[in-house]
Amino acid sequence: MAIYTLPELPYDYAALEPVINPEIIELHHDKHHAAYVKGANDTLEQLEEARDKEAWGTINGLEKNLAFHLSGHILHSIYWHNMTGDGGGEPLEKDGVGDLADAIAESFGSFDKFKAQLTKASATTQGSGWGVLAYEPVSGRLIVEQIYDHQGNVGQGSVPILVFDAWEHAFYLQYKNQKVDFIEAMWKVVNWQDVAKRYAAAKERGFNLLLAP
């Protein structure tokens with residue numbers, strides 16, 4: 001039985017126009033995200049077989065595959081909910097997301113400075129990757145991460161709360177090779193209510209990270 005399943009989109013394919021066209025959403029979710037779910041489940045089956053047979057010749061590749069596909073599934077599951085057709089702007093206290101706004105200002109100096117850093121991190125990923133706003137539980141602050149593929153170059157224990165997909169399949173059909181234009185447009189659909197909920201949940205659970213016995 002499959003461990004991981006493809007989540008349904010929280011909106012229809014056309015909900016994010018004109019920032020992202022329906023064809024991209026359909027292919028991205030139904031094909032690319034689905035492939036990561038299948039890859040994670042297939043790898044778990046292969047690891048189970050390796051344990052049963054005590055055949056460890058492919059363990060390095062299998063562990064790498066699991067990290068790749070599982071991280072791809074998790075990041076995409078966040079990505080869909082991080083966006084909404086009536087989103088954008090910046091988090092404001094009057095909209096009920098004041099805690100998030102305060103945390104961004106404290107961690108980065110201002111919203112504009114945060115926006116500039118996440119935009120640059122997302123737009124300059126070498127090859128395939130993501131720009132991510134994450135809660136870092138050791139310091140209790142927010143950080144920006146530049147993730148290679150789905151799983152490389154991340155701080156252990158950090159919790160992603162806002163993710164910008166900078167893989168070509170996320171934008172190429174509409175934006176061609178203009179990754180910067182796509183990232184700039186992404187700010188028009190950010191669902192700050194969702195980001196704020198993720199921040200609150202990460203902060204509440206962050207103290208569970210055990211650094212020493």
Side-chain angles (χ1 to χ4, degrees), residues 1-16 20-84 122 125-135 137 145-173 182 186 189 191 194-195 197-199 201-202 204-206 208-210:
M1 180 178 295
I3 302 296
Y4 302 107
T5 57
L6 180 67
E8 294 185 4
L9 287 171
Y11 35 69
D12 62 42
Y13 295 137
L16 302 178
I20 309 178
N21 68 38
E23 184 181 11
I24 289 178
I25 296 295
E26 181 176 7
L27 289 171
H28 196 169
H29 176 267
D30 297 2
K31 301 299 182 182
H32 291 281
H33 189 172
Y36 301 130
V37 173
K38 184 179 186 302
N41 287 322
D42 288 349
T43 305
L44 287 178
E45 290 183 4
Q46 294 165 27
L47 284 165
E48 181 179 9
E49 182 179 355
R51 291 192 300 271
D52 290 343
K53 295 181 178 180
E54 296 188 3
W56 304 112
T58 60
I59 185 65
N60 287 345
L62 289 175
E63 295 291 358
K64 183 176 181 179
N65 284 344
L66 182 60
F68 176 82
H69 290 296
L70 179 55
S71 295
H73 171 43
I74 291 170
L75 287 169
H76 280 92
S77 296
I78 298 170
Y79 179 66
W80 305 124
H81 287 273
N82 272 171
M83 298 182 291
T84 178
S122 304
T125 50
Q126 294 177 328
S128 300
W130 300 71
V132 173
L133 173 66
Y135 176 76
E145 296 180 320
Q146 188 182 55
I147 298 178
Y148 297 110
D149 290 334
H150 299 310
Q151 77 282 12
N153 209 35
V154 297
Q156 297 300 311
S158 61
V159 181
I161 63 172
L162 173 63
V163 299
F164 281 7
D165 192 341
W167 284 62
E168 283 192 347
H169 63 239
F171 64 87
Y172 199 85
L173 287 177
F182 171 64
M186 276 289 298
V189 294
N191 184 349
D194 181 70
V195 179
K197 290 177 183 177
R198 295 180 187 278
Y199 170 65
E204 179 181 348
R205 301 167 188 166
N208 292 331
L209 183 63
L210 184 65

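Predicted, not measured: the structure shown is a model, and the values here were computed from it.
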Any side-chain heavy-atom pair of Q126 and Q146 under 4.5 Å | no
First locate atom CD1 of I25, then atom CG of L16, and finally report the distance between them rounded to the nearest 0.5 Å.
-> 4.5 Å
Would a 4.5 Å heavy-atom cut-off, applied to side chains only, mark P7 and H33 as touching?
-> yes
Would you check if W130 and V154 make a side-chain contact, meaning some heavy-atom pair closer than 4.5 Å?
-> no
Do D42 and H69 meet the criterion of a side-chain donor-acceptor pair at a distance under 3.5 Å?
-> no
Kindly give the heavy-atom pair with the smallest separation between A40 and Y4, and that separation in Å.
-> CB-CD1, 3.8 Å
Between the CG atom in N65 and the CG atom in L70, the distance rounded to the nearest 0.5 Å is 12.0 Å
Taking the side chain as C-beta and beyond, is there a heavy-atom pair between Y36 and I74 under 4.5 Å?
-> no
Is the closest side-chain heavy-atom distance between R198 and H81 below 4.5 Å?
-> yes
Please name the pair of heavy atoms, one in K64 and one in Q151, separated by the smallest distance, quoted to 0.1 Å.
-> O-NE2, 4.4 Å
Would a 4.5 Å heavy-atom cut-off, applied to side chains only, mark L162 and I78 as touching?
-> no
For the atom pair CG (L6) and OG (S77), what is the distance rounded to the nearest 0.5 Å?
-> 7.5 Å
Taking all atoms of both residues into account, what is the closest heavy-atom pair of S122 and A166, and its distance?
-> O-CB, 3.4 Å
Of Y79, W80, Y11, which meets ring-ring contact (aromatic ring centres under 6.0 Å, His included) against H29?
-> W80
So OG of S128 and CD1 of I147: to nearest 0.5 Å the spacing works out to 13.0 Å
Distance (rounded to the nearest 0.5 Å) between Y13 OH and H28 NE2 | 13.0 Å
Test log, rule side chain to side chain contact (heavy atoms under 4.5 Å, CB included), inputs I20 and M83 = CA-CA 10 Å; I20 309 178; M83 298 182 291; 3.9 Å; yes
Hey, are D165 and H76 close enough side-chain-wise for a donor-acceptor pair under 3.5 Å?
-> yes
R51 and W56: side chain to side chain contact (heavy atoms under 4.5 Å, CB included), yes or no, with the steps?
-> CA-CA 8 Å; R51 291 192 300 271; W56 304 112; 3.4 Å; yes
At what distance, to the nearest 0.5 angstrom, does CG of L66 lie from CD1 of I59?
-> 9.5 Å
So, the side chain of N82 versus the backbone of I161: is there a donor-acceptor pair under 3.5 Å, distance only?
-> yes
Could you check whether the rings of H150 and W167 sit parallel, tilted or perpendicular, using 30° and 60° as the cut-offs?
-> parallel
Please report the shortest heavy-atom distance between A34 and D30, naming the atom on each side.
-> CB-O, 3.2 Å
